[in-house]
Q: 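Just passing along the structure, written as structure tokens.
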Protein chains: 2
Amino acid sequence: MARAGLTADRLARAGAELADEIGFEQVSPSTLARHFGVQVASLYSHVRGAHDLKTRIAQVALDELADKAADAVAGRAGRDALVALASVYRSYAREHPGRYAASQYRVDPGSVAVEAGRRHSELTRAVLRGYDLGEPAQTDAIRLLGSLFNGYIGLELGGSFAHSAPSSDESWARILDAIDSLLRNWTQI
Amino acid sequence: MARAGLTADRLARAGAELADEIGFEQVSPSTLARHFGVQVASLYSHVRGAHDLKTRIAQVALDELADKAADAVAGRAGRDALVALASVYRSYAREHPGRYAASQYRVDPGSVAVEAGRRHSELTRAVLRGYDLGEPAQTDAIRLLGSLFNGYIGLELGGSFAHSAPSSDESWARILDAIDSLLRNWTQI
DNA sequence: TCATTTGCCTAACACCTTTAGGTATGCGCA
DNA sequence: TGCGCATACCTAAAGGTGTTAGGCAAATGA
């Protein structure tokens, strides 16, 4: 019998794709084994278990997202950079809901994925350079933006904004305007 | 053998308490059956299955949270009301992490729990009356606040703010100040 | 071509969810 | 008080998942 050619990396990447199709929650050693036409136990040579698998998928998503974010922010500043960064997260969540859910997977401290989290904060910090905030305002603002993006996307994906006016797109745009304004005037609060 | 006296309601409430002890993820027909000293299959007379059980626990948490929020907001306005509402959510999440996680459980449309979600928006709308926003700004602001609260608490519970200065408490307080200021000046963005 | 590595296999265990049908408990009523 | 009935909880069983242990055979390199 020909071998499937599994590696931890291929499993993680296939898991990420599978997550977009069937939902991150549903991705597991068994679904992934079925996907590769392989016995479940065979995965355990490449991955320590279900948690390890999900962590690796989270890592894939987090890296991919950070790459896109870095691209979007490059060469922009201020409001432009803010909107670009926000748009990357939101688009990614819509186009790759499974991967986005994976990026939210609680990864234990000490994992390599923690590093990816730091990369995201640094990207946000870069956007904030255009607003000239000192410390601790800058860290506060990073936390605010991270919370807002994650929170908005989470609620939107959950359908919270689906059945009422204004449309989610419109709210999102105006909220970003508001946040831009807030960041510009942060020092004089 | 004496009967345990199960009802859907008792299961949901016990599930909520159990969630705080062992984590919402871990609460399931089997853990709950063990908790009541009862065979797993016995739960199925009261609850349709695992999903139904979790939805009911979510409902308990959502209601309890809305009650606390209504209490906190009553008799306050403006910044006071904003801080009080925010504080209710954050305290609840810290004191009852399992219940809070339950409140985030994706409940299918048409479920009674959707109604509880609406109650939360209305509470936020009440807080915003102190800021004198028209539409669509008011709805935008509701979405902003909901996103921010959920997002901040989610990141905080995940440990994102644990290992760096300033403390989460300090950031939270200053972010609320910033949001208060933003809401007061929303119309002149 | 042979030895070795190792990728994938089978087998087995423990646990979980769900369904079907049986037993007995506790209530309402005579 | 005792009887009948509804139903709360039970046992049994099927099918799924995660994980470990050990075996066979395919690829790799000498």
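Chain identifiers are assigned alphabetically (A, B, ...) following the order of the sequence lines, protein sequences preceding nucleic acid strands; residue numbering begins at 1 within each chain.
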Q: Starting at CD of A:Q26 and ending at P of D:dG18, how long is that distance when rounded to a whole Å?
A: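 It works out to 11 Å between those atoms.
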Q: Check this one for me: any side-chain N or O of A:S45 less than 4.0 Å away from OP1 or OP2 of C:dT6?
A: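 Checking A:S45 against C:dT6: no side-chain N or O falls below 4.0 Å of OP1 or OP2.
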Q: So, is A:H46 near the phosphate of C:dC8, with a side-chain N or O under 4.0 Å from OP1 or OP2?
A: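 Yes, within the criterion.
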Q: Would you tell me if any nitrogen or oxygen in the side chain of A:S42 comes within less than 4.0 Å of OP1 or OP2 on C:dC9?
A: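 Result: yes.
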Q: Please state whether the rings of B:F24 and B:Y105 are parallel, tilted or perpendicular, taking 30° and 60° as the class boundaries.
A: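 If you compare the ring of B:F24 with that of B:Y105, the planes turn out perpendicular.
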Q: Can you check whether B:L11 reaches B:T7 side chain to side chain, under 4.5 Å on heavy atoms?
A: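 Heavy-atom side-chain distance check fails, nothing below 4.5 Å.
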Q: Can the ring centroids of A:W172 and A:Y152 be said to lie less than 6.0 angstrom from one another?
A: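 Here the rings of A:Y152 and A:W172 have centres that are less than 6.0 Å from each other.
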Q: Output the rounded distance in Å from NZ (B:K54) to C1' (C:dC16).
A: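 So the NZ-C1' distance, B:K54 to C:dC16, works out to 12 Å.
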Q: Output the rounded distance in Å from CG (A:L6) to C1' (C:dT6).
A: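 Rounded to whole Å, this separation is 12 Å.
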Q: Just to confirm, is there a sub-4.0 Å distance from OP1 or OP2 of C:dC15 to any side-chain nitrogen or oxygen of B:S30?
A: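 Answer is no, no contact under 4.0 Å.
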Q: Would you kindly give the CG-to-C1' distance between A:L11 and C:dG7, to the nearest whole Å?
A: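 In whole Å, C:dG7 C1' lies 12 Å from A:L11 CG.
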Q: In whole Å, I'd like the distance from the CG atom of B:L32 to the P atom of C:dT17.
A: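 After rounding, the reported distance stands at 10 Å.
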Q: Cut-off 3.5 Å, side chains only: do A:N150 and A:Y89 have a donor facing an acceptor?
A: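 Side chains of A:N150 and A:Y89: no pair found under 3.5 Å.
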Q: What's the CG-C1' distance between B:D52 and C:dT19, to the nearest Å?
A: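 After rounding, the reported distance stands at 16 Å.
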Q: 5'-most contact on DNA chain D: A:A50 or B:G5, nearest heavy atom basis?
A: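 Per heavy-atom nearest nucleotide, the more 5' residue is B:G5.
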Q: What is the distance, to the nearest angstrom, from the CG atom on B:L43 to the P atom on C:dT18?
A: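 Taking CG of B:L43 and P of C:dT18, I get 11 Å after rounding.
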Q: With the side chain of B:Q39 defined as its heavy atoms from C-beta on, choose the nearest nucleotide among C:dC16, D:dC10, C:dT19.
A: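 The listed nucleotide nearest to B:Q39's side chain is D:dC10.
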Q: Would you tell me if any nitrogen or oxygen in the side chain of B:R34 comes within less than 4.0 Å of OP1 or OP2 on C:dC16?
A: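 Yes, B:R34 has a side-chain N/O under 4.0 Å of OP1/OP2 on C:dC16.
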Q: D:dT20 P sits how many Å from A:R48 CZ, rounded?
A: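 Those two atoms, CZ and P, are 11 Å apart.
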Q: Go through D:dT11, D:dT20, C:dT17 for me and flag the one nearest to the B:A41 side chain.
A: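 It is D:dT11.
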Q: Can A:Y131 and A:Q138 be counted as having a side-chain donor-acceptor contact under 3.5 angstrom?
A: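 A:Q138 and A:Y131 do not have a side-chain donor-acceptor pair below 3.5 Å.
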